[in-house]
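Input: a single structure, listed below in structure tokens.
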Amino acid sequence: MTPRGAVQTPAFMPVGTVGTVKGVEIEMLRATGAEMILGNTYHLSLRPGEEVVESLGGLHRFCGWEGPILTDSGGFQIFSLAKMMKINEEGAAFRSHIDGRKIHLTPEHAIAIQEKLGSDVAMVLDHVVGLPCERSKIEDAMHRTIRWARRCQAASKRDDQALFAIVQGGLEPDVRKTCAEELAALDFPGYAIGGLSVGESPEEMYAMIEATAPHLPIGKPRYLMGVGKPEDILNGILRGIDLFDCVMPTRNGRNAMGFSDSGPIRIRNAQYERDDRPLEEDCPCPACKRSRGYLRHLFLSKEMLGPILMATHNLAYYQRLVQRARTALEQNRFPEFYRERMDQWSQGATTSGNTTE
RNA sequence: GGGGGAUUUCCCGAGUGGCCAAAGGGGGCAGACUGUAAAUCUGUUGUCAACGACUUCGGAGGUUCGAAUCCUCCAUCCCCCA
């Protein structure tokens with residue numbers, strides 16, 4: 001599927017914004033079962049700069065990950081760094097979050113940067129708006145995203161790099177549909193659904209996937225950007241999504257939350273002080289060779305191994321989750337698997353996060 | 001033996017008549033985190049029948065309408081002079 005090998009889908013791609021999946025060494029990352037990871041155009045362009053990455057052999061060699069890499073375009077930063085960004089038809093003008101200098105990111109720049117980084121999949125520059133948002137703004141952003149997608153397509157030259165388009169449209173089903181159809185006509189090798197998990201409810205998000213997916217070309221990868229919690233992943237798969245990425249396993253892991261089949265485990269909580277069990281009984285990750293009590297101790301002691309182990313566990317958990325989903329799909333029993341998982345997670349939630357006492 | 005300084009809520013440490021259940025840190029407890037400005041952020045941390053009441057600032061008395069804050073004695077610790 002990519003020049004660096006196939007990726008089994010549905011797949012979860014860990015996020016390595018600045019050329020590292022935070023806290024997780026490449027060896028460990030591979031061991032979790034991850035096949036493809038993310039990098040970020042905006043961040044890497046700011047530091048160390050795409051020229052530097054290129055001169056050091058491209059992003060793969062630079063960071064040591066030999067598998068496929070997808071780079072995000074910086075479109076998400078139009079949303080997340082909105083306070084220091086101005087947008088117009090030409091592109092986005094950022095104030096660097098590092099040193100305050102002005103950065104111009106146009107669709108053409110976004111492509112040029114990603115070509116220098118040498119990722120396997122590049123993303124078009126899109127216009128992400130936070131939700132809720134008034135319809136007129138959503139329409140503007142959607143049309144701009146399509147115009148920018150055309151410009152990205154025109155600027156794209158590397159034939160060893162796929163370029164994915166991104167569907168926008170906020171919470172307006174018909175705007176999503178229009179966007180999907182117009183982008184589908186442009187014949188991109190893959191399509192993403194963007195602008196979700198930016199303030200809306202899970203139900204609204206699922207509804208938007210349903211409003212979009214049917215209008216995307218059949219047989220091409222569908223990537224739900226930035227999503228999400230374990231239950232969001234399964235809900236995405238249920239609605240036909242092939243690719244996911246999210247900072248949640250790494251960030252929440254660093255912040256002492258572990259994911260499990262019984263729901264989230266806030267490992268700092270006093271209830272785990274003398275808990276001899278691993279986070280998850282059958283998990284093969286290095287964190288699960290230790291007790292919850294030990295992991296808690298690491299966090300309370302502010303030892304860096306805590307975040308490292310927890311992030312690693314979460315990535316392993318996410319990989320095992322999509323792996324199990326793949327198996328269930330192959331065996332034609334995904335709905336059962338889905339039901340089973342959702343039931344157990346919601347059970348864990350009703351017992352106030354107290355997983356197994 | 002003489003002189004001076006200290007003692008504050010779990011810890012450190014502000015506060016020197018009312019606006020003090022008492023600043024600020026730390027620690028504890030709980031929560032948040034969805035294409036990463038995040039190893040970050042938020043709330044909470046005397047007790048209770050709790051928009052009110054009660055008990056706290058080394059101990060015991062006292063002054064005052066009112067004391068962590070002023071006075072007396074006691075205890076403990078530190079410094080200086082013998």
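Naming: A, B, ... by sequence-line order, numbering from 1 per chain.
- Listed candidates were B:rC29, B:rA39, B:rG35. Nearest to the side chain of A:N255 is B:rA39.
- Residue A:T250 is in base contact, counting any heavy-atom pair closer than 4.0 Å across all strands shown.
- Listed in residue order, the members of residues 122-149 of chain A having a heavy atom less than 4.0 Å from RNA chain B are A:D126, A:V128.
- The nucleotide B:rA75 finds its pairing partner in B:rU7, both defining distances of the Watson-Crick or G-U wobble pair being shorter than 3.5 Å.
- Atom CZ of A:R61 has 12 or fewer neighbouring heavy atoms from other residues, nucleotides or ligands inside a 6.0 Å radius.
- Of the side-chain N and O atoms in A:S197, none sit less than 4.0 angstrom from OP1 or OP2 of B:rU34.
- Set against B:rA30, B:rA37, B:rG35, the side chain of A:F76 has B:rG35 as its closest nucleotide.
- The distance from atom CD of A:E273 to atom C1' of B:rG28 is 11 Å, rounded to the nearest whole Å.
- Look at the C1' atom in both B:rC65 and B:rA23: the space between them is 28 Å, to the nearest Å.
- Taking atom C1' on both nucleotides, B:rC10 is separated from B:rA82 by 42 Å, rounded to a whole Å.
- Taking atom P in both B:rC12 and B:rG58, the straight-line distance is 13 Å, to the nearest Å.
- Contact annotation: A:R251 side-chain N/O to B:rU34 OP1/OP2 distance is under 4.0 Å.
- The side chain to side chain contact (heavy atoms under 4.5 Å, CB included) test with A:P278 singles out one residue from A:S260, A:S291, A:C285, A:C288, and that residue is A:C288.
- Residue A:D245 is classed as a sugar-phosphate contact, given heavy-atom separations below 4.0 Å to backbone atoms only.
- Spacing between B:rG25 and B:rC19 at atom P, rounded to whole Å, works out to 22 Å.
- Residue A:H109 qualifies as open at atom NE2: its count of foreign heavy atoms under 6.0 Å is 12 or below.
- Comparing the same atom, P, in B:rG35 and in B:rU16 gives a spacing of 50 Å after rounding to whole Å.
- Ring geometry for A:F12 against A:Y318 counts as tilted: the plane angle lies between 30° and 60°, on a 0 to 90° scale.
- Candidate nucleotides B:rC33, B:rA37, B:rG31 were compared by shortest atom distance to the side chain of A:N269, and B:rG31 ranks first.
- B:rG46 and B:rC20 are spaced 13 Å apart, taking the C1' atom of each and rounding to whole Å.
- Using modelled atom types and a 3.5 Å distance limit, the side chains of A:Q114 and A:Q161 yield no donor-acceptor pair.
- The side chain of A:Q77 contributes no N or O atom lying less than 4.0 Å from OP1 or OP2 of B:rG35.
- Between the CD atom of A:Q271 and the C1' atom of B:rC29 there is a distance of 12 Å, given to the nearest Å.
- Across all strands shown, A:G195 has heavy atoms under 4.0 Å from base atoms, whether or not it also approaches the sugar-phosphate.
- At the phosphate of B:rA32, OP1 or OP2 sits under 4.0 Å from a side-chain N or O atom of A:R266.
- A close approach under 4.0 Å does not occur between any side-chain nitrogen or oxygen of A:N252 and OP1 or OP2 of B:rA32.
- Distances were taken from every side-chain heavy atom of A:S80 (C-beta onward) to each of B:rA37, B:rG28, B:rU36; the shortest belongs to B:rA37.
- Between the P atom of B:rA32 and the CZ atom of A:F299 lies a distance of 15 Å, rounded to the nearest Å.
- Within the model, atoms CD1 of A:I166 and CG of A:D126 stand 3.5 Å from one another, a figure rounded to the nearest 0.5 Å.
- Counting heavy atoms of neighbouring residues, nucleotides and ligands inside a 6.0 Å radius, atom CG of A:D276 does not exceed 12 of them.
- One finds a side-chain N or O of A:K302 lying less than 4.0 angstrom from the OP1 or OP2 phosphate oxygen of B:rG27.
- Within 4.0 Å (heavy atoms only), A:L224 reaches no atom of the nucleic acid at all.
- Nucleotide B:rG27 forms a Watson-Crick or G-U wobble pair with B:rU45, both donor-acceptor distances falling under 3.5 Å.
- Rounded to whole angstrom, the span from the OH atom of A:Y318 across to the P atom of B:rC33 amounts to 11 Å.
- The distance from atom CG of A:L295 to atom P of B:rA39 is 19 Å, rounded to the nearest whole Å.
- Where A:P307 and A:G16 meet RNA chain B, the nucleotide closest to each residue was compared, and A:G16 sits on the side nearer the 5' end.
- A salt bridge links A:E51 with A:K116: the distance from a Lys NZ or Arg NE/NH1/NH2 to an Asp or Glu carboxylate oxygen falls below 4.0 Å.
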For nucleotides 41-44 of chain B, give me every protein contact, N/O to N/O, under 3.5 Å, one pair per line with atom names.
none

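- Atom NE2 of A:H43 and atom P of B:rA38 are 7 Å apart (whole Å).
- One atom, CG of A:L196, and another, P of B:rG35, lie 12 Å apart when rounded to the nearest Å.
- As rounded to whole Å, 16 Å separates atom C1' of B:rA39 from atom CD1 of A:I267.
- Taking atom P on both nucleotides, B:rA21 is separated from B:rU45 by 15 Å, rounded to a whole Å.
- Not less than 6.0 angstrom separates the ring centroid of A:Y272 from the ring centroid of A:H297.
- On the C1' atoms, B:rC57 is 14 Å away from B:rA6, given to the nearest whole Å.
- Annotation: cation-pi geometry not satisfied between A:R150 and A:W148 (NZ/CZ under 6.0 angstrom from ring centroid, within 45° of ring axis).
- Across all strands shown, B:rG1 pairs with B:rC81; the Watson-Crick or G-U wobble distances both stay below 3.5 Å.
- Exactly one residue among A:E89, A:E182, A:E90 makes a salt bridge (charged side-chain N to carboxylate O under 4.0 Å, His left out) with A:R147. That residue is A:E89.
- Tested against A:P14 for a side chain to side chain contact (heavy atoms under 4.5 Å, CB included), the candidates A:N314, A:I37, A:L38 yield a single pass: A:I37.
- Across all strands shown, nothing is found opposite B:rC20 as a Watson-Crick or G-U wobble partner with both distances under 3.5 Å.
- Across all strands shown, B:rA50 remains unpaired; no Watson-Crick or G-U wobble contact has both distances below 3.5 Å.
- The phosphate of B:rG35 has neither OP1 nor OP2 within less than 4.0 Å of any side-chain N or O from A:N40.
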Let's go through A:R239 and A:N235 carefully: what are the C-alpha distance in whole Å and the side-chain angles of both, what is the deciding distance for side-chain hydrogen bond (donor to acceptor under 3.5 Å, both in side chains) to 0.1 Å, and is it a yes or a no? CA-CA 6 Å; A:R239 293 165 175 81; A:N235 274 288; 3.0 Å; yes
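- Both distances falling under 3.5 Å, in either a Watson-Crick or a G-U wobble arrangement, occur for no nucleotide opposite B:rG66.
- Residue-level contact check: A:E204 touches neither bases nor backbone, having no heavy atom under 4.0 Å from any strand.
- Across all strands, A:L38 comes closer than 4.0 Å only to sugar-phosphate atoms, never to a base (heavy-atom distances).
- Annotation: the span from A:K289 atom NZ to A:Y294 atom OH amounts to 13.5 Å, rounded to 0.5 Å.
- Under the Watson-Crick or G-U wobble criterion, with both distances below 3.5 Å, B:rC33 is left unpaired in every strand shown.
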